[in-house]
Amino acid sequence: MGQSQATKMGMNRTGIMMSPIASKEMQDVDPSMMAPPGDESALAAMRAEYIASADMVGSMPPPASVSGAVQTAVAMLKGNHPALLLDKLGERLAFERTGTRLYDALITKCEVMLDGQISMTMADLERIRAEEARHFLLVSDAIESLGGDPTTQTPCADLAGVESMGLVQVLNDPRTTISQSLHAILTAELSDKAGWETLVALAEDQGLDDLAAEFTVALEKEREHLGLVTTWFDEALGMSYGEVEIPADAAGSAAPQGGGATPAA
């Protein structure tokens, strides 16, 4: 493992065992200073009151055009739920935008820190970044084809943005190592794979076979990304579980590589 990947020993004083004498004094508290016994029932009751009276996280807009309104009406007559699909498409759109930025940040970090200790290359990262950007455009086109507005912040898109904030912070923190950054990317790729699986299922359920086919192609790419990132993360930690078969159409990555096993589909 290269020095850029290693977690170093330092002056970490956060643990209580770093100061056994002072920690014992802290635990020897005068009983009169102790809080009376109790539980969190009052706090839970207050939270329940807020939950019961809270509004939802945004709403779906009405169709932005006459053709969109017609499409929505036809879909509802068939028993489908177009608002749900558009909401989840908005979520995927927001996440793919963030995914592209995550890879931008990882590329910048690797330009400085990549030391040849793992099989990941800059070409690999550039390719995946380009595929994330293409997936963004695919979702945007899908929303428009269903009569929706890709610029709308749907409730699930809002949620995805909040969920991704920590990942963005990890990748853009100059102190994080490549292995730590890959952990954040791995978290994103796991979520991305699950999101595309949901879109495929929703499109199939609503009889949108063409969209389901396009989403399936994107899902296969995301599965490939997940396998590669898992391998790189394991390599960055110095772990090896034998060879991993990478799909032959993965540019520059057709040969078996060391590291963790590619997750099952």
Side-chain angles (χ1 to χ4, degrees), residues 43-104 131-172 184 187-219 221-222:
L43 182 60
M46 182 183 69
R47 287 174 175 164
E49 184 177 344
Y50 277 112
I51 292 170
S53 60
D55 292 328
M56 299 183 71
V57 181
S59 61
M60 291 298 296
S65 64
V66 174
S67 61
V70 172
Q71 285 181 279
T72 299
V74 171
M76 294 179 69
L77 286 173
K78 292 180 179 179
N80 294 331
H81 303 282
L84 173 60
L85 178 56
L86 284 169
D87 191 13
K88 301 307 286 185
L89 283 168
E91 172 190 294
R92 203 80 261 116
L93 191 70
F95 201 91
E96 295 300 328
R97 181 192 298 111
T98 299
T100 303
R101 292 170 178 168
L102 290 176
Y103 277 100
D104 281 336
E131 288 169 354
E132 297 290 348
R134 282 197 292 271
H135 291 170
F136 173 85
L137 295 175
L138 168 63
V139 176
S140 178
D141 290 343
I143 292 172
E144 289 187 345
S145 74
L146 296 173
D149 181 355
T151 65
T152 297
Q153 177 87 330
T154 73
C156 284
D158 195 346
L159 181 64
V162 175
E163 290 174 339
S164 302
M165 287 174 63
L167 302 178
V168 173
Q169 290 175 332
V170 169
L171 266 296
N172 285 306
T187 300
E189 291 293 359
L190 285 165
S191 179
D192 213 6
K193 171 178 170 288
W196 282 103
E197 288 172 342
T198 297
L199 284 185
V200 170
L202 285 172
E204 289 177 344
D205 185 61
Q206 299 193 23
L208 302 170
D209 296 337
D210 290 343
L211 279 184
E214 291 182 329
F215 294 164
T216 299
V217 173
L219 172 59
K221 281 295 180 183
E222 293 301 341

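Atom set for the values below is all heavy atoms of this structure, side chains included, hydrogens, waters and symmetry mates excluded. All values derive from a computational prediction rather than experimental measurement.
- For the atom pair CZ (Phe95) and CG (Leu159), the distance works out to 11.0 Å, reported to the nearest 0.5 Å.
- Contact record, Gly90 with Ala157: O-CB, 3.3 Å, taken as the closest heavy-atom pair.
- A distance of 10.5 Å separates CD in Glu197 from OG1 in Thr216, rounded to the nearest 0.5 Å.
- For the salt bridge (Lys or Arg N to Asp or Glu O under 4.0 Å) test with Lys221, the passing option among Glu132, Glu131, Glu96, Glu189 is Glu131; the others fail.
- Remark: Glu214 pairs with Leu138, Leu211 by the side chain to side chain contact (heavy atoms under 4.5 Å, CB included) rule, at least two apart or across chains.
- The shortest heavy-atom contact between Thr154 and Glu91 is OG1-N, 4.0 Å.
- By the 4.5 Å heavy-atom criterion applied to side chains, Ile143 and Leu86 are counted as neighbours.
- To the nearest 0.5 angstrom, Asp192 atom CG is 10.0 Å from Thr98 atom OG1.
- Judged by distance alone, with hydrogens and angles left aside, the side-chain atoms of Ser140 form no donor-acceptor pair with the main-chain N or O of Leu137 at under 3.5 Å.
- Residues Glu144 and Pro150 approach most closely at CG-CG, 3.4 Å, considering heavy atoms.
- Inter-residue side-chain proximity for Leu219 and Lys193 is flagged as met; some heavy-atom pair is nearer than 4.5 Å.
- The distance from the OG1 atom of Thr152 to the CG atom of Leu89 is 12.0 Å, given to the nearest 0.5 Å.
- Across every non-hydrogen atom of Leu167 and Ala184, the tightest pair is CD2-O, 3.7 Å.
- Side-chain contact between Leu146 and Leu85: present, with at least one pair of heavy atoms (C-beta onward) separated by less than 4.5 Å.
- Considering only residues two or more places apart in sequence or on other chains, Phe215 meets the ring-ring contact (aromatic ring centres under 6.0 Å, His included) condition with Trp196.
- Residue Ala133 comes nearest to Thr100 through the heavy atom pair N-OG1, 3.5 Å, listed as atom of the first residue, atom of the second, then distance.
- At least one donor-acceptor pair closer than 3.5 Å links the side chain of Asn172 to the backbone N or O of Val168.
- For Asp87 against Cys156, the heavy-atom pair with the smallest separation is OD1-N, 2.9 Å.
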